[in-house]
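Order of the sequence lines fixes the chain letters, A, B, ..., with proteins taken first and strands second; residue numbering starts at 1 for each chain.
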Amino acid sequence: MDYALVVALEMVRAIAWLVLLSAGLAIIFGMMRIINFAHGEFLMLGGYTVVISTGHGVNEWVAMLVLAPIVVGIFGVLVERLVIQRLYGRILDSLLATWGLSMLMIGGVTMIFGNSVTGVATPLGGMAIGAYQVPRYNFVLIIAAALLLVAIWAVLKFTKAGLIARATMQNPDMAETLGIRTRWVYMLTFGIGSAITGLAGALLAPLTGVVPTMGVNFIAQSFITVITGGAAVITGTLSAATLLGTISQGTTFLSGPVYGDAALLVAALVLLRLLPQGITGRIFKRSI
Amino acid sequence: MTDAPLYSILETRGLTMRFGGVTAVDNVDFRLRDGELRCLLGPNGAGKSTFFKCLTGQLTPSSGTVIFDEQEITGWHTHQIVNLGVGIKTQVPNVFDGISAYENVRLSARRKHIPSVAKDLTHHTMERCGITHLARRDVGLLSHGQRQLVELAMVLAGEPRLILLDEPAAGMTGEERDRLAGLVLEAARSAAVVVVEHDMAFIRQIAKFVTVFNRGAIFREAMIADIMQDREVQEIYLGKQANVA
Amino acid sequence: MEKPVTRDPGFYIMLAIGLAVMFIAPVWLDLFTIMQITQYVVLAVFALSLGYIWGFGGILSFGQAAFFGLGAYTFAVASINIGETTIPLILAFVIPTIFGAALGYFMFYGRLSDVYLGVVTLVVALIFWKLINHTAGPEYSIGEARLGGFNGIPSIPTLNIPGEPDAWLDPAQMFQVFMGILIVIYVALRLLIASDFGRVSIGIRENETRAALLGYDVRRQKVIVFAIGAGIAGLAGAMWATYQAFIDPNAFSMEMSAKALVWVMAGGVGTLVGPIIGCIVLQWLTLKLGTMALLNSIAVLGGIMMLLVLILPKGIVPTLKMLAINGWTLWRQGKIGGAVAKKAVKHD
């Protein structure tokens, strides 16, 4: 019974992990049709923000939940103004340019901070479920992922800002004629997507160790989750994360993490073959 | 003239196309005799272009069948349909912008012929369409009307038995349109032709028997002279729906 | 864009340059330098593989390293087991080609479009990379060859003269063989592109819908193009393996795929010369920067990639060509007046 609970918890954590990794990218891809291939490095920036600020005495929760999103959000706005705004409508070019940005960031951070791994202690310690020790931090991740999804959904569905954002994404010309400043919408959307990514990177830092190349591992998983999910931000990310997370974690339990990783990738391939427009390209088509 | 037992080169039975809740093509029975030239008319949103795409394989119908030359082609891939002997010109010109007009037409001619024959066929077809002077120009740099003519040449170079044209006269100058009309009439002597069009001046030049669509179904089929006089046809264009008794 | 007909003087110029380098360099340059420039030859073949499928087939692959690595490992495993290098070299071309055909079938018959295509190729390379990385234990071996995981496979046999397993090629001979391969592939690709098959591929690159409307089976065409590109990349991988006498999972890395992309973009998509030049210039730059340790070479690579997309989307070679042609036209307009100039300009 306890074992089942632990397994279930691990499954949910794996799904939450993918959600956190991908939410920011999903917003940017789902709403702007831009592929930010430097996504992993935005996560990395979030992690570094935590490392540096806690090193200067800032409380770790403040660093994770407040500072990281702000720093990376501002960085995102800068990137949008300087690079992304020239690439709207050019989906492949956006991928190539941001791939370049990613390498630039990795190299840059390596030059400034060096190559070594910095650990961030996992807050909150462990708790016992029956005979097993489970880190309390897992719950933080799960709750954070859930809150994030709900928050994004609520904003998109119920607020005026959300409505404006959705309108701009669906029909920018029409939005312009209604007086919406689409340039601002794009900029803010990218900024918010980046902020969310910064938050995710900060939250995930204790589990992975902070190093310039940490983003490289994440980019593949998040990219795959977003593409497999399809255009809808919430339902796409959630459905893809659930499917892929379950398959990956399940395989890890049976055969170890190497096969678990591989299983995620293979599952994505199969899904893309069956649903070439992603899950929400066919199912849940009109959802947010 | 209508239910003649002559051979039908193209036929649809109960052709229906649904997009979500919208029925764009509604149970259409259509017959085209071999060698016939037919125009498809109707107001915007009548379903002409959707019907057209069901014929070309660009859309797979929700139900019903399409039959070409006694071969059922419902749901076939476009290239399979084309290889049976169908030539297609789409609403938005689909040409190879980055290469010359000559290359464009040659790629069509080469499909069925060895290089030397293809070369002659290309030159000959370009002459027919009056675009020989454009041979070396990259198609992307041509005017809209010229691109339409290149596309028409590509279609003709395929030596099709059935020619499907979707708004071929769009964007053409008066002179180009006259040439187009001449070409269509000439092509109709050796192939069956279906033309979807809005341009009334062009239609008057080429139309004989006409099918009028409205709201996804065939509203009327008659000779062009009768259609032009038809009160109810005028009304559907003006938006006043004729009451179905 | 390469002229479709091989009456192009550029073709013969390239051929001449290639042959000249092949025969003169070993005489003129010292052995050490020869060994240094051999890597450019190998990587140029890799660049060509992507340059061909992208520029002349309209297929943008983000995981070309998958085939590069596959060819490298195939060669390593086969040559260690067989003890001879001729058959392994052939296998290193054949096996990636078959795999490329299978993957291509999976992608193109599944109606995958642009972005999703890129993702799939990326994922496949990633799968290879991850799996090979974890094969460090002695239980992971094929015949006598241990896959070695992240440690890689050492002591890969040097190329030998076909039929004489002990007659190894010295560095100068290896260079010449590799140059020969590069030249043969360049010529073969030029001829392929000029052929009817190649012209159809270019049509598909321009407008898939119209290609289908002319009756061409676009999916089949793309599978073939993709498979050919895979084979060439695999061959380059094998060359890399024997040149270094060592191979590790980095052959499958995203960095490797990214390098190929940058080389082709820099050199110019839509030419064959472009990727070769892009490869040589950028690889040289990367190595130079590596020794200087001033600027991180990855950062520079990334910066260049960004600049290229934003400023020179066509790449260096086509931009230079355009400048050259426009310059020539302007010159003719200036020098020759009136009617003659008008006549000359109209030809464009």
Side-chain angles (χ1 to χ4, degrees), chain B residues 53 55-58 60 76-100 102-115 118-119 133 135-141 147 150-151 153-160 163-166, chain C residues 1-8 54-58 108-111 113 191 193-224 268-271 313-315 318 321-322 325-326 329 343-348:
Chain B
K53 288 192 181 134
L55 298 178
T56 62
Q58 289 171 293
T60 305
W76 276 31
H77 287 288
T78 304
H79 69 270
Q80 293 169 319
I81 296 176
V82 168
N83 284 327
L84 285 181
V86 180
I88 301 167
K89 189 223 155 300
T90 51
Q91 191 170 12
V92 177
N94 266 311
V95 288
F96 303 125
D97 283 327
I99 53 183
S100 69
Y102 174 80
E103 255 310 293
N104 270 264
V105 181
R106 189 189 168 281
L107 273 170
S108 176
R110 183 71 180 87
R111 186 79 187 104
K112 284 193 204 153
H113 297 292
I114 60 174
K119 185 174 165 197
H133 63 290
R136 299 272 156 232
R137 307 265 304 273
D138 279 356
V139 171
L141 299 174
R147 290 171 82 214
V150 170
E151 198 178 10
M154 290 167 83
V155 170
L156 293 175
E159 297 175 321
I163 302 176
L164 305 173
L165 306 173
D166 196 346
Chain C
M1 205 192 108
E2 307 285 342
K3 281 208 203 100
V5 181
T6 37
R7 268 180 243 147
D8 173 21
W54 188 3
F56 298 94
F108 301 121
Y109 280 74
R111 301 191 160 206
S113 68
L191 291 175
I193 291 166
S195 74
D196 280 315
F197 175 85
R199 286 158 146 184
V200 174
S201 288
I202 289 175
I204 291 175
R205 182 198 72 197
E206 289 294 315
N207 189 324
E208 273 191 43
T209 308
R210 180 35 78 181
L213 287 169
L214 289 181
Y216 292 103
D217 189 344
V218 172
R219 310 162 306 176
R220 215 194 74 186
Q221 194 88 3
K222 280 172 137 180
V223 171
I224 297 176
V269 187
T271 69
K314 283 208 173 124
K321 254 192 191 172
M322 213 167 56
I325 293 177
N326 287 342
T329 314
K343 205 171 164 199
V345 171
K346 218 180 181 191
H347 251 285
D348 227 359

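When heavy atoms are compared at a cutoff of 4.5 Å, R220(C) does not approach chain B at all. At a 4.5 Å heavy-atom cutoff, Q80(B) makes no contact with chain C through either its backbone or its side chain. Of the two parts of P160(B), neither the backbone nor the side chain holds a non-hydrogen atom closer than 4.5 Å to a non-hydrogen atom of chain C.
Scored by the salt bridge (charged side-chain N to carboxylate O under 4.0 Å, His left out) test, E208(C) finds K222(C) as partners (sequence neighbours excluded). In this view, R147(B) and D97(B) satisfy the salt bridge (charged side-chain N to carboxylate O under 4.0 Å, His left out) rule, not counting sequence neighbours.
Considering only heavy-atom pairs separated by less than 4.5 Å from chain C, the leading option among E151(B), Q58(B), H77(B) is H77(B). The candidate from V155(B), V86(B), D138(B), V95(B) with the greatest count of non-hydrogen atom pairs under 4.5 Å with chain C is V95(B).
A salt bridge does not link R111(B) with D196(C): none of the charged nitrogens is closer than 4.0 Å to a carboxylate oxygen.
For the pair K112(B) (side chain) and G158(B) (backbone), a donor-acceptor distance under 3.5 Å is present.
You'll find the side chain of L84(B) reaches within 4.5 Å of the side chain of W76(B), heavy atoms only.
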